[in-house]
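Sequence positions, counted from 1, serve as the residue numbers for this chain.
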Amino acid sequence: MVESQPSHPNARRLLTRCQDFFADVENLTPGKELEAHLNAHYGPGTAIYEDICSLTRKGIDEGWAANIEIDGAHYRRSKIALPREDTRFFSITTVYMQSDEVFSGQYHSHPYGEINCVVQIDESAELMGIPGPGTHHYPQVRGGALVALFFLPAGRISYGAKPGDPQPASL
């Protein structure tokens, strides 16, 4: 269960920094164009990105972020916030994935798209996946450990898509 307000001080700080980010992106549509914009304006070296990464790493160390095992200790997740007015109706999920070889998480689709913030635990770790509206995929990691913060408009995610289903025409 997700609390209406996280109880851990650093979880509250993470929520506040995410709210700052949502205030800037709430009316933008997830997809390739937004990904390029976010990488250029909210990537490594920017205050919001560095704060979100630092607080997420603290959450892993303190045990409140990505603390529910999905497939062993190398694949875990947890909700930081459900969609609500103060998150501009985005949900916030932390997902820890660790593998040197390509590891695939649970296949899912994004009815309204997905915004990802990748927090590297290992500098060589990479996250692979397509986050646009209607897309579906296995989230994949390789090269080490990372935490992905998945920001979902209206909290929408579906586990009904199957590999081989057609992707949206926009891709």
Side-chain angles (χ1 to χ4, degrees), residues 1-68 70 76-97 105-106 108-121 125-137 139 141 146-159 161 168 170-171:
M1 173 165 277
V2 178
E3 299 175 43
S4 59
Q5 283 292 336
S7 61
H8 196 282
N10 283 324
R12 288 193 303 273
R13 287 182 190 101
L14 176 62
L15 177 60
T16 297
R17 284 310 268 156
C18 289
Q19 289 166 327
D20 295 339
F21 173 70
F22 297 149
D24 291 343
V25 302
E26 71 177 316
N27 293 315
L28 303 176
T29 301
K32 290 180 181 182
E33 287 182 24
L34 180 58
E35 182 179 3
H37 173 77
L38 296 177
N39 286 335
H41 299 283
Y42 293 94
T46 64
I48 286 179
Y49 178 81
E50 296 301 332
D51 289 349
I52 287 173
C53 288
S54 174
L55 291 163
T56 300
R57 287 184 192 107
K58 287 178 184 177
I60 295 297
D61 292 343
E62 295 166 350
W64 53 264
N67 59 354
I68 300 167
I70 304 302
R76 345 183 269 268
R77 70 176 167 239
S78 64
K79 291 262 190 221
I80 302 301
L82 296 173
R84 56 188 198 229
E85 188 173 355
D86 67 346
T87 64
R88 305 298 207 271
F89 298 99
F90 282 90
S91 65
I92 305 168
T93 303
T94 54
V95 180
Y96 176 92
M97 298 175 79
Q106 290 179 314
H108 65 277
S109 65
H110 317 108
Y112 300 150
E114 172 180 271
I115 297 173
N116 300 325
C117 177
V118 177
V119 178
Q120 291 177 303
I121 304 299
E126 298 177 289
L127 178 69
M128 300 166 280
I130 302 170
T135 60
H136 47 91
H137 69 117
V141 67
L146 58 76
V147 176
L149 277 83
F150 294 130
F151 305 132
L152 298 171
R156 292 292 310 275
I157 189 167
S158 172
Y159 294 97
S170 64
L171 293 179

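Applying the side chain to side chain donor-acceptor pair (under 3.5 Å) test to S78 and every residue at least two apart in sequence or in another chain returns T94. In this view, F90 and F22 satisfy the ring-ring contact (aromatic ring centres under 6.0 Å, His included) rule, not counting sequence neighbours. Here R76 pairs with nothing under the salt bridge (Lys or Arg N to Asp or Glu O under 4.0 Å) rule; sequence neighbours left out. Residues passing the salt bridge (Lys or Arg N to Asp or Glu O under 4.0 Å) test with E126, sequence neighbours excluded: R142. In this structure, the side chain to side chain contact (heavy atoms under 4.5 Å, CB included) partners of Y49, at least two apart in sequence or on a different chain, are P44, T46, C53, C117. Partners of H37 according to the side chain to side chain contact (heavy atoms under 4.5 Å, CB included) rule, which considers only residues two or more places apart in sequence or in another chain, are L28, L34, H41, Y42. Listed by chain and residue number, nothing satisfies the side chain to side chain donor-acceptor pair (under 3.5 Å) test with T87 (two or more places apart in sequence, or in another chain). For D24, there are no salt bridge (Lys or Arg N to Asp or Glu O under 4.0 Å) partners two or more places apart in sequence or in a different chain. Residues that satisfy the salt bridge (Lys or Arg N to Asp or Glu O under 4.0 Å) test with E33, not counting sequence neighbours, are absent from this structure.
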Side chain to side chain contact (heavy atoms under 4.5 Å, CB included) for F21 and I115? Distances and angles first, verdict last.
CA-CA 11 Å; F21 173 70; I115 297 173; 4.2 Å; yes
Chi angles and distances behind the side chain to side chain contact (heavy atoms under 4.5 Å, CB included) call for V95, V147:
CA-CA 5 Å; V95 180; V147 176; 5.9 Å; no
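Under the salt bridge (charged side-chain N to carboxylate O under 4.0 Å, His left out) criterion, the residue pairs touching residues 40-61 are R17-D51, with sequence neighbours excluded. For the salt bridge (charged side-chain N to carboxylate O under 4.0 Å, His left out) condition, no pair includes a residue of residues 35-49, sequence neighbours left out.
Taken to the nearest 0.5 Å, the CG atom of N10 stands 10.0 Å off from the OG1 atom of T56. The CG atom of L127 lies 10.0 Å from the CD atom of Q120; values are rounded to the nearest 0.5 Å. Annotation: the span from M128 atom CE to N116 atom CG amounts to 12.5 Å, rounded to 0.5 Å. Taking NE2 from H136 and NE2 from H108, the interatomic distance works out to 11.0 Å, rounded to the nearest 0.5 Å. Here the straight-line distance linking atom CD of Q19 with atom CD of E85 works out to 11.0 Å at 0.5 Å rounding. Rounded to the nearest 0.5 Å, atoms CZ (F151) and CZ (R88) are 13.5 Å apart.
Heavy-atom minimum distance, I60 versus A65: CD1-O, 3.3 Å. For the pair S7 and R12, the tightest heavy-atom approach, listed with the atom from each and the gap, is O-NH1, 2.6 Å. Closest approach of S91 and G155 over heavy atoms only: OG-CA, 3.3 Å. Here the closest non-hydrogen pair linking P30 and P153 is CG-CG, 4.2 Å.
Between the side chain of R77 and the backbone N or O of N67, no donor-acceptor pair lies under 3.5 Å.
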